[in-house]
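Beneath this line is the structure, given in structure tokens, with notes to follow.
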Amino acid sequence: AATCPEPDGHINSSRFSSADLSYITQGETALQRALGILQQHTGWQAETMADAGAAVSSTVLPGLGKVFRAEVVLAVPVERLHRELFEKIEQMPQWNPRLSRVKVLQHVGTDTLVTHEVTTPSPGNMVGQRDFVSVRHRGRRETAVYLVGTATHVKPVLSQEGCIRAESRLSCIVLQPLVGDPGRTHFTWLLSMDLKASATIWTKSGVFSLLKGWLPTSIINRVLPQCQADFIEHLRRHLS
């Protein structure tokens with residue numbers, strides 16, 4: 001089974017470029033921020049959703065805005081989930097119809113990735129097509145595996161025409177074996193996103209075009225927890 005090593009706290013900087021070290025630092029910073037949020041046990045309000053296979057709650061935090069937390073128990077062990085969500089991340093669109101492409105742009109050491117993800121355009125989708133460039137980082141604390149993500153900047157990754165570059169402020173999936181039943185996993189997912197209601201993008205002709213798409217906060221606050229619930233359902237089906 002694939003395992004992610006314990007963070008040793010002493011990164012050998014001579015092995016990495018300054019850009020690589022920046023990605024590792026962004027990942028570790030996101031992990032520390034997520035750990036702080038996970039320790040907050042008050043101030044969360046339940047989200048009311050139809051056909052939710054997970055319990056979703058939310059809170060508002062300085063610097064992040066609204067943060068959603070989805071929790072569910074999945075009948076698979078931690079290491080299998082860890083492989084699917086980190087080691088095999090480029091295969092995610094095969095089972096998650098909300099994604100059209102996930103590409104690893106760079107591996108930094110064994111625990112950090114730079115990725116480009118493109119969502120699937122769909123008729124009637126209130127939000128429209130988005131893409132993301134993110135640092136993804138994994139860590140382990142005791143028996144739990146933490147998979148964090150946050151927006152980053154790399155040498156220009158052009159958006160396809162009509163696609164808005166959005167940003168993941170913070171994503172953290174926690175995989176914790178169930179006490180007394182290590183074949184099952186307590187899955188917790190923190191998510192805060194800026195979906196960028198309007199953005200300047202490149203067109204095929206190479207000129208800038210302002211793509212308008214004003215979205216009421218109320219719509220964004222419905223879409224994100226539903227995306228979490230949908231992702232969990234697609235993951236559950238894939239693993240069954």
Side-chain angles (χ1 to χ4, degrees), residues 22-23 26-27 29-30 33-34 47 49 56 58 60-61 63-70 85 89-106 113-137 147-173 189-235:
S22 171
Y23 294 138
Q26 288 172 57
T29 300
R33 189 172 202 179
E47 293 286 322
M49 295 161 54
V56 182
S58 65
V60 177
L61 297 174
L64 284 176
K66 199 154 192 177
V67 179
F68 296 92
R69 182 182 66 193
L85 300 175
I89 191 170
E90 287 189 330
Q91 297 176 31
M92 207 176 274
Q94 295 175 14
W95 53 265
N96 182 2
R98 284 186 177 269
L99 288 172
S100 65
R101 184 163 65 95
V102 177
K103 175 71 175 172
V104 175
L105 303 177
Q106 187 175 346
L113 308 172
V114 181
T115 63
H116 179 224
E117 303 112 57
V118 183
T119 66
T120 306
S122 57
N125 183 340
M126 290 183 292
V127 175
Q129 193 175 20
R130 297 293 193 270
D131 74 338
F132 302 83
V133 177
S134 306
V135 166
R136 292 174 176 268
H137 183 73
L147 306 174
V148 295
T150 189
T152 194
H153 300 283
V154 297
K155 289 179 182 178
V157 178
L158 297 184
S159 293
Q160 60 194 67
E161 190 165 8
C163 189
I164 296 175
R165 174 68 44 81
E167 293 185 350
S168 171
R169 295 191 185 104
L170 179 67
S171 172
C172 178
I173 290 175
W189 182 11
L190 298 178
L191 182 65
S192 174
M193 278 189 170
D194 182 355
L195 291 176
K196 301 290 184 185
S198 64
T200 303
I201 61 169
W202 284 105
T203 65
K204 286 180 180 176
S205 59
V207 298
F208 279 116
S209 170
L210 190 64
L211 189 64
K212 296 287 189 182
W214 182 77
L215 292 170
T217 302
S218 60
I219 288 181
I220 294 173
N221 288 343
R222 283 207 311 273
V223 166
L224 289 181
Q226 191 60 54
C227 284
Q228 286 179 294
D230 291 348
F231 177 91
I232 289 168
E233 184 56 30
H234 294 312
L235 176 62

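Positions are given from 1 along the sequence.
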Looking at residues at least two apart in the chain, or sitting in another chain, which of them share a side-chain contact (heavy atoms from CB on, under 4.5 Å) with S171? S168, W189, L191
Just how far is it from atom CG of L85 to atom CZ of F231, taken to the nearest 0.5 Å? 5.0 Å
To check you understand the geometry: which heavy-atom pair defines the closest contact between C172 and V148, and what is its length? SG-CG1, 3.6 Å
Taking all heavy atoms of A34 and all of L190, pick out the closest pair and write down the distance. O-CD1, 3.9 Å
Is there a side-chain contact between L235 and N96 (heavy atoms, below 4.5 Å)? no
Spatial distance of atom OG1 (T152) from atom CZ (F132) [nearest 0.5 Å]: 14.5 Å
Roughly how far apart are Q226 CD and L224 CG, rounded to 0.5 Å? 11.0 Å
When rounded to the nearest 0.5 angstrom, what distance separates CG in D230 from CZ in R98? 4.5 Å
May I ask you to test the R136-L147 pair for a side-chain heavy-atom distance under 4.5 Å? no
By side chain to side chain donor-acceptor pair (under 3.5 Å), which residues pair with Q106, not counting sequence neighbours? D20
Quick check: does any side chain N or O of S134 sit under 3.5 Å from a backbone N or O of T115, one acting as donor and the other as acceptor? no
Do any N or O atoms from the side chain of R130 and from the backbone of R165 form a donor-acceptor pair under 3.5 angstrom? no
Residues at least two apart in sequence or cross-chain that pass side chain to side chain donor-acceptor pair (under 3.5 Å) with Q228, listed by chain then number, are none
Considering non-hydrogen atoms only, spot the tightest contact between T120 and S100 and give its length. OG1-N, 3.3 Å
Do any N or O atoms from the side chain of R169 and from the backbone of L64 form a donor-acceptor pair under 3.5 angstrom? yes
Would you call L105 and K103 a side-chain contact if the rule is heavy atoms closer than 4.5 Å? yes
Partners of Q91 by side-chain contact (heavy atoms from CB on, under 4.5 Å), sequence neighbours excluded? K88, Q94
Is there a donor-acceptor pair closer than 3.5 Å between any side-chain N or O of E90 and the backbone N or O of V104? yes
I want to check something: taking the side chain as every heavy atom from C-beta on, are Q26 and H137 in contact at a cut-off of under 4.5 Å? no
Taking only residues two or more places apart in sequence or in another chain, which ones pass side-chain contact (heavy atoms from CB on, under 4.5 Å) with S58? E47, K66, F68
With H153 via side-chain contact (heavy atoms from CB on, under 4.5 Å) - residues at least two apart: E167
Is the side chain of T119 donor-acceptor paired with the backbone N or O of Q129 at a distance under 3.5 Å, no angle test? no
